[in-house]
Amino acid sequence: MSRKLSITFLFSLLLSWCTWAQVARTAEQDSLLADRNRKTQADYDQMLQQLHINNIRPGVNGSNPKAPNAANYDESKATIYPHLPAVLQLNNGKLVDSKRSWNYHRKPEIVEDFEKEIYGRIPDNIPPISWKIISTENKTMAGFPVEVQKLKGTVENRRFPSISVQMEVTIGFRKDLKKAMPAMMELAWVFPPGMNRPPAPANEIPWTEQVIAKGWAFIQLNPTSVQADHGAGLKSGIIGLMNRGEFRKADDWGSLRAWAWGASKVLDYLETLPQIKYTHVGITGHSRYGKAAAVAMAFDSRFAIGYICSSGAGGLKLYRRNYGELIENVAAKNEYHWMAGNFLKYAGPLQWNDLAIDAHELIALCAPRPIYIGVGGNGDSWADPYGMYLAGKEASPVYELLGKKGLVSDSNPKINEAITQGNIAFRMHDKGHVTGPNWPNFIEFASKYLK
């Protein structure tokens with residue numbers, strides 16, 4: 001065989017092997033996905049049986065306006081239930097007229113409703129976490145020397161050794177500053193192998209560089225290292241560990257509460273770091289992680305500020321609005337794991353108006369701390385920008401009761417208009433389902449509080 005034929009043969013052999021390997025990987029991925037879908041369906045069916053529910057109302061289609069179940073984006077059709085639960089009225093009908101009455105009576109009622117019906121309860125006696133720095137890198141960001149640490153937080157798992165939970169965290173802080181720094185913690189998107197994060201616009205500075213330039217630190221938590229983002233994962237992660245691999249009860253926590261719990265555990269760790277001013281740590285997240293960031297802010301009063309991005313239903317959008325994402329979408333089997341099992345009732349035998357609470361009361365749990373509601377004005381209708389704006393307005397009386405201004409606005413928000421005069425801020429930028437365009441304005445707003 002000539003040299004030329006040998007090279008051609010070897011190249012053909014290599015090409016055949018690569019094709020076979022790709023087919024094998026694809027088949028393996030398909031098999032894993034099928035197994036995950038089967039386990040998710042089994043978990044979903046089991047929860048419906050617990051709740052004695054036969055059917056869940058289908059969600060809406062947000063991408064095809066010609067679909068029979070197309071999502072509504074017409075504001076004139078959005079308000080089905082105009083009367084929201086009164087945020088400053090006790091369950092016995094008495095009005096809340098003092099800080100004491102809010103803190104010791106009304107606020108616990110709202111917390112109980114959210115825990116039982118929406119996000120679920122965190123179990124008692126969660127094991128301790130041991131933290132370890134696994135790598136340290138010195139780099140230059142925004143022209144400043146920065147140390148970036150990668151950590152793993154391992155949850156002690158003697159209660160059920162077959163489940164391991166290792167929280168993945170990145171911390172970056174300026175080396176030229178010799179004082180404790182404010183910080184922003186992000187519930188960060190971590191894309192699987194072979195899938196890259198969409199690139200930011202060329203003129204957009206990464207938020208991590210913006211806060212470094214401000215003299216703040218950044219923290220990024222991988223939420224899926226705490227709890228998986230699918231129903232099959234409810235028997236693993238921190239939820240599975242605490243349940244010893246068994247099914248959830250109807251008021252057990254879902255992934256949103258688990259991700260928020262993870263953020264609180266990172267905050268525990270930050271209290272031990274001399275570089276971080278742990279009383280001045282904010283929380284941020286986008287889309288589903290915006291929902292989780294809102295939950296973290298509401299349930300952990302140590303977070304000093306929140307930048308909640310495009311959180312939609314299950315986050316800061318009012319549940320009682322027929323606009324974009326609905327309760328039925330969140331209760332479907334691709335998203336139900338975010339919530340407590342009891343949440344499914346409101347897409348089954350019960351209606352939206354049967355909820356004892358609504359999203360404005362999640363914002364109210366953050367009072368009087370500042371919270372910035374961000375969303376896109378073009379291409380982010382699924383998150384219902386106006387529904388989140390209304391939630392901020394409806395939460396404002398609690399801020400005022402506690403001596404702060406809420407959302408200071410008397411007219412519908414305009415694109416690129418920053419409403420930042422009070423402790424509830426709102427801005428709808430002119431892009432889509434992204435966070436970057438609002439970061440400079442958020443940092444300006446947050447600078448009044450993080451010092």
Side-chain angles (χ1 to χ4, degrees), residues 57 59-60 71-98 101-102 105-119 291 294-295 298 308 311-331 339-340 342-367 371 373 375 381-402 405-413 419 422 424 426:
R57 297 188 298 274
V60 293
N72 174 54
Y73 294 123
D74 182 346
E75 188 58 42
S76 69
K77 300 176 182 178
T79 304
I80 294 179
Y81 301 108
H83 302 295
L84 298 174
V87 66
L88 288 178
Q89 181 175 314
L90 297 170
N91 290 342
N92 63 12
K94 292 183 178 180
L95 297 180
V96 175
D97 58 2
S98 68
S101 181
W102 166 258
H105 300 289
R106 181 57 180 149
K107 188 173 181 178
E109 289 180 345
I110 294 173
V111 167
E112 169 62 18
D113 286 332
F114 273 116
E115 289 196 321
K116 180 182 177 184
E117 301 296 319
I118 308 296
Y119 301 118
K291 305 178 201 292
V295 174
I308 311 303
S311 59
L316 302 186
K317 159 190 159 60
L318 291 173
Y319 290 111
R320 286 167 169 79
R321 277 174 56 82
N322 176 29
Y323 196 101
E325 187 177 24
L326 304 180
I327 283 177
E328 287 81 356
N329 292 95
V330 181
M339 319 298 281
N342 277 328
F343 183 81
L344 301 182
K345 297 181 299 186
Y346 300 95
L350 301 178
Q351 299 293 328
W352 313 343
N353 205 40
D354 293 312
L355 279 166
I357 41 77
D358 212 309
H360 64 302
E361 288 161 300
L362 189 67
I363 300 174
L365 292 182
C366 302
I371 184 168
I373 304 168
V375 67
S381 296
W382 182 249
D384 188 6
Y386 188 57
M388 292 187 287
Y389 167 84
L390 290 176
K393 287 291 291 180
E394 292 291 337
S396 293
V398 177
Y399 278 77
E400 293 161 6
L401 178 71
L402 300 180
K405 293 180 180 179
L407 185 58
V408 182
S409 174
D410 294 324
S411 59
N412 294 354
I419 306 171
I424 302 176
F426 183 93

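Only this structure's heavy atoms are used, side chains among them; waters, hydrogens and symmetry mates stay out.
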Novice: Within the 4.5 Å heavy-atom criterion, are Thr79 and Arg321 side-chain neighbours or not?
Specialist: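 In contact.
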Novice: Are the side chains of Leu90 and Glu109 in touch, meaning some heavy atoms are under 4.5 Å apart?
Specialist: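 They are in contact (side-chain heavy atoms under 4.5 Å apart), so the answer is yes.
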Novice: Is there side-chain contact between Asn353 and Arg320, with heavy atoms separated by less than 4.5 Å?
Specialist: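 Heavy-atom side-chain distance check passes, below 4.5 Å.
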Novice: Supply the atom-to-atom distance Leu84 CG to Lys393 NZ, rounded to the nearest 0.5 angstrom.
Specialist: 13.5 Å
Novice: Taking the side chain as everything from C-beta on, heavy atoms only, tell me whether Asp384 gets closer than 4.5 Å to Leu318.
Specialist: no
Novice: Counting distance only, does the side-chain N/O of Ser101 pair as donor-acceptor with the main-chain N or O of Val96 below 3.5 Å?
Specialist: no
Novice: Measure the spacing between CH2 of Trp382 and OH of Tyr73 and express it to the nearest 0.5 Å.
Specialist: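 The OH atom of Tyr73 is 5.5 Å from CH2 of Trp382, to the nearest 0.5 Å.
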Novice: If you round to the nearest 0.5 Å, how far is CD of Glu117 from CD of Glu112?
Specialist: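 Between Glu112 CD and Glu117 CD, I get 8.5 Å after rounding to 0.5 Å.
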Novice: Check Ala331 against Leu344 and note the closest heavy-atom contact, atom names and distance.
Specialist: O-CD2, 3.3 Å
Novice: With the side chain counted from C-beta on, respond yes when Trp352 and Tyr81 share a heavy-atom pair under 4.5 Å apart, and no when they do not.
Specialist: yes
Novice: Can you name the nearest heavy-atom pair linking Ala359 to Lys317, along with the distance?
Specialist: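 Shortest heavy-atom separation between Ala359 and Lys317 comes out as CB-O, 3.2 Å.
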Novice: Any non-hydrogen side-chain atom of Trp102 less than 4.5 Å from a side-chain atom of Ile110?
Specialist: yes
Novice: Measuring from Ile357:CD1 to Leu362:CG, what's the distance to the nearest 0.5 Å?
Specialist: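 Output value for this atom pair is 8.5 Å.
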Novice: side-chain contact (heavy atoms from CB on, under 4.5 Å), that's the test. Do Ile363 and Val398 meet it? Break it down for me.
Specialist: CA-CA 9 Å; Ile363 300 174; Val398 177; over 6 Å; no
Novice: Any side-chain heavy-atom pair from Asn72 and Val60 closer than 4.5 angstrom?
Specialist: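 SC-SC contact between Asn72 and Val60 ruled out.
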Novice: Working to the nearest 0.5 Å, report the span between CE of Met388 and CD1 of Ile373.
Specialist: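 Going from CE on Met388 over to CD1 on Ile373, the span is 7.5 Å.
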Novice: Around atom NZ of Lys116, are there more than 12 heavy atoms of other residues, nucleotides or ligands at under 6.0 Å?
Specialist: no
Novice: So which atom in Val87 and which in Glu394 form the shortest heavy-atom distance, rounded to 0.1 Å?
Specialist: CG1-O, 3.9 Å
Novice: Show your reasoning for whether side-chain contact (heavy atoms from CB on, under 4.5 Å) applies to Ile371 and Tyr399.
Specialist: CA-CA 11 Å; Ile371 184 168; Tyr399 278 77; 3.6 Å; yes
Novice: Would you say Gln351 and Tyr346 make side-chain contact, with heavy atoms under 4.5 Å?
Specialist: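 They are not in side-chain contact.
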Novice: Could you give the distance from CZ (Arg57) to CG (Leu350), rounded to the nearest 0.5 Å?
Specialist: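 CG of Leu350 is found 8.0 Å from CZ of Arg57.
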Novice: Given 3.5 Å as the limit, does a donor-acceptor pair link the side chain of Asp358 with the main chain of Tyr319, or not?
Specialist: yes
Novice: Does the pair Arg106 and Glu361 meet the rule for a side-chain contact (heavy atoms from CB on, under 4.5 Å), with working shown?
Specialist: CA-CA 11 Å; Arg106 181 57 180 149; Glu361 288 161 300; 2.9 Å; yes
Novice: Determine the interplanar angle of the Tyr389 and Phe426 rings, folded into 0 to 90°, and report it as parallel if under 30°, tilted if 30 to 60°, perpendicular if over 60°.
Specialist: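 Judged by the thresholds at 30° and 60°, the geometry between Tyr389 and Phe426 is perpendicular.
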Novice: Hey, does the side chain of Asp74 reach the backbone of Ser76 with a donor-acceptor pair shorter than 3.5 angstrom?
Specialist: yes
